[in-house]
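Proteins get letters first, then strands, A, B, ... in listed order; numbering begins at 1 in each.
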Amino acid sequence: MRHFRNVSFFVSLVVSLLLMVSCGEHQPKNKAVYLLIDTSGTYTEELKKAQSIVNYLLATLNSGDSIALARIDSGSFSEKDIIAKATFDLRPSTTNNQKRLFKQAVDEFVTNTKRGSRNTDITGGLMQATDFVNETKAGEKYVLIFSDLEEDLSKGHIRDFPIDVKGIEVVALNVTKLRSDNIDPRDYKKRLVAWQERVESGGGTWRVLNDLEQLDSLLVR
Amino acid sequence: MSNELLTVWSDNPSTSLIIWGVIIIISLYLGRKQAHQMFKSTGQGLYSTLRLWAFSLRQLENRVSQRNRDILLASGAKASEKTIEREFTRITDIVQRDLSQYPALHKQIAESIDRIEIDYQSSSSAALLPPAWGNVVETIANLPSNGDPTVNKILTNIKKAVDESHQQTLKAFKKSSAESHRLLKGMLPVWREIDGKLTVVDEKISGLAERSKNIDEQINNYSNILANQDVAINALGSSAFTQFFISGLVLVIAVLGGLINFQLIAMPMAEMVGGASYIGSLKTSDIAALVIILVEIAMGLFLLESLRITHLFPIISSMDDKMRRRMMWVSFAILAILASIESSLAYMRDLLALDREALQQSLIGVGATSGVVEAQFRWIPSVGQMVMGFILPFALAFIAIPLESFIHSLRIVIGLISVSVLRILRILVRLLGGLSKHFFKLLTHFFDLLIMLPLSVERLVKSQMGTNQQDEVESKKSNSNPSGVKL
């Protein structure tokens, strides 16, 4: 009887530990990343860098995470601009295959993109990205904008309204300086501040990461 | 606030301070009796309370100590009983196995002795050389012949006949002696055979004697335990501590083995239960791997319990043999299946790691085609992981043995630690009680030190009044007897 009491004590200890673990905070731990790539004008020359960012993301993301790659062109609020997207399977082996396919799609896109688009609709792309990451219901949502952040809309496009990016971390990557920025550097700062205000007023958080050697801090909150 | 108080009696703080001091000293002097009573009652109360606590702690310590003693004695008695039982079982085995053949052996020895006896008798019945023959021949040879040829011839014939007869007798004697020697020589292997058999008997009897010595020792221990002797308690206590540390060490090793096992199957488990689901803050795949390991340990417990190696579940050891054997096979089968699953998971882990490595390589080298770099001896770690995956569950199954020792010794160790803690607490409480009593005594003296001025005045006045009263008494005495004559 005494042996039984001892064993039952250990069993109850293990069960209570498991219960404690299971009753803890239960939040989705998956990530959703949407990478917007500026393909306007001379920025197409930066595509190789974007490719290395995608590779980093593919190496970092795990089963259950989502990733999408879309270009920013004259009218970016469109599914047609999505180059590749994937929500990784729960099985690691399938995830690896999905990553290979995604990489292949990105490689093809980088190889085939020769000419840049005439205009730059960053807001449209951001809205499209917001829709995607919100649909995934991920625990951590990121929109990465690989652009110089100079918006140049086509005639008739309306984008001067607040955007809802609540709970999304918007990271501007490789924000290059324009020729005009060299004349008056305040333009560059103004551009960044304007986007920061726009994102933060929409409920999101804003970050700039120009040094692509520091990619380790890209998906860290 | 303090500044205001300092200037409440006078603008000069020193004057005000002196007035405050006087007021305080007078107040304290007036309340001296009450203060003393308060100090005394508080000190006494605290002392009594702490003494009571110490007494209660002592009672508790004695109870725990007695309980420990009972547990130690019970476990020691049980262990001794088992040892004695085992020794008796061994003796029974020896008697059944070896001494059951003793009648046959005895028969063989008796037969050998009979043969020796017959041979001995045969060898002793040989014809002896009659000593008279020699004398007869000598007498005949010395007879005087007197020159008579007839007599000479007769004597010569007699001598010849006697010689021949003597030679024949000698020959017969030699033959008989040779036969006796042959028979005696034939007895030698029989002697050796008897000697060998007697040596075997001696060895077996000696083995029994040694077992008997062991039983004597165990019985002695058992008697000490039953007699509740301190020697037995101390021996059992130290044995429990040794068991505790050794089994604890083995359990730590087993936990490390379990961790290795966990690492081996956690990653491929994601293929089965998914790599993105969580239970609480833990990955479901990790929990699944942990559960598999725990189930393996549980099966190991049941297996060793069914084999009656451990005795953690009395319900299993009390099962009838048929049911117990069934349970043993079922536990073993489940353990073997789980070991096979682990082995395959370990192989899958290797494949996944290889696949991931290939993907990482393709991602690092931009534009490079994905592919697996095959190493020459790549199969060695794969096989190693598979073997480890198969062996570790069986190794973990043996955790039941140290676990049982650990649980048993843990009770005793916890009991001994509790007794020590209670003893320290009791000493502290007693010390605190004594200190508090002393402190309040000190406080009383300090209080008197504060009001020593009015106390000195009081003492002076009292002594003055005492002197006056004495004078008055003496004057009254002298007034009542003015002559100074003793009445």
Q.
Does B:Y347, at its OH atom, have more than 12 non-hydrogen atoms belonging to other residues, nucleotides or ligands within less than 6.0 Å?
A. no
Q: For B:M327, look at atom CE and say whether over 12 heavy atoms of other residues, nucleotides or ligands are found less than 6.0 Å away.
A: yes
Q) Sequence neighbours excluded, which residues qualify as salt bridge (charged side-chain N to carboxylate O under 4.0 Å, His left out) partners of B:D286? A) none
Q: Provide the full list of salt bridge (charged side-chain N to carboxylate O under 4.0 Å, His left out) pairs with a residue in residues 49-74 of chain A, sequence neighbours left out, each pair given once.
A: A:E46-A:K49, A:R71-A:D73, A:R71-A:D81
Q: Compare every heavy atom of A:R91 with every heavy atom of B:E271, then report the nearest pair and how far apart it is.
A: O-CG, 3.4 Å
Q: Evaluate whether atom CG of B:L256 has more than 12 neighbouring non-hydrogen atoms of other residues, nucleotides or ligands under 6.0 angstrom away.
A: yes
Q) Would you say A:F77 has more than 12 foreign heavy atoms packed within less than 6.0 Å of its CZ? A) yes
Q.
As a test of understanding, state which of A:N96, A:L58, A:N97 forms a side chain to side chain contact (heavy atoms under 4.5 Å, CB included) with B:L359.
A. A:N96
Q. Rounded to the nearest 0.5 Å, how far apart are CZ of A:R100 and CG of B:D355?
A. 4.5 Å
Q: Name, in order of residue number, those residues of residues 143-151 of chain A that have a heavy atom at a distance of less than 4.5 Å from a heavy atom in chain B; otherwise write 'none'.
A: none
Q) In chain order, what residues pass the ring pair (Phe, Tyr, Trp, His ring centres under 6.0 Å) check against B:F244, with sequence neighbours excluded? A) B:F406
(Q) Quick check on B:F398: does its CZ atom have over 12 non-hydrogen neighbours (other residues, nucleotides or ligands) under 6.0 Å away? (A) no
Q: Please report the shortest heavy-atom distance between B:L352 and A:P92, naming the atom on each side.
A: CD2-CB, 4.3 Å
Q | Per-residue contact mode, A:N62 against chain B (heavy atom under 4.5 angstrom) | A | neither
Q: Check the surroundings of atom CZ in B:R356: do more than 12 heavy atoms from other residues, nucleotides or ligands lie under 6.0 Å from it?
A: no
Q. For B:Q360, is it the side chain, the backbone, both or neither that has a heavy atom under 4.5 Å from a heavy atom of chain A?
A. side chain
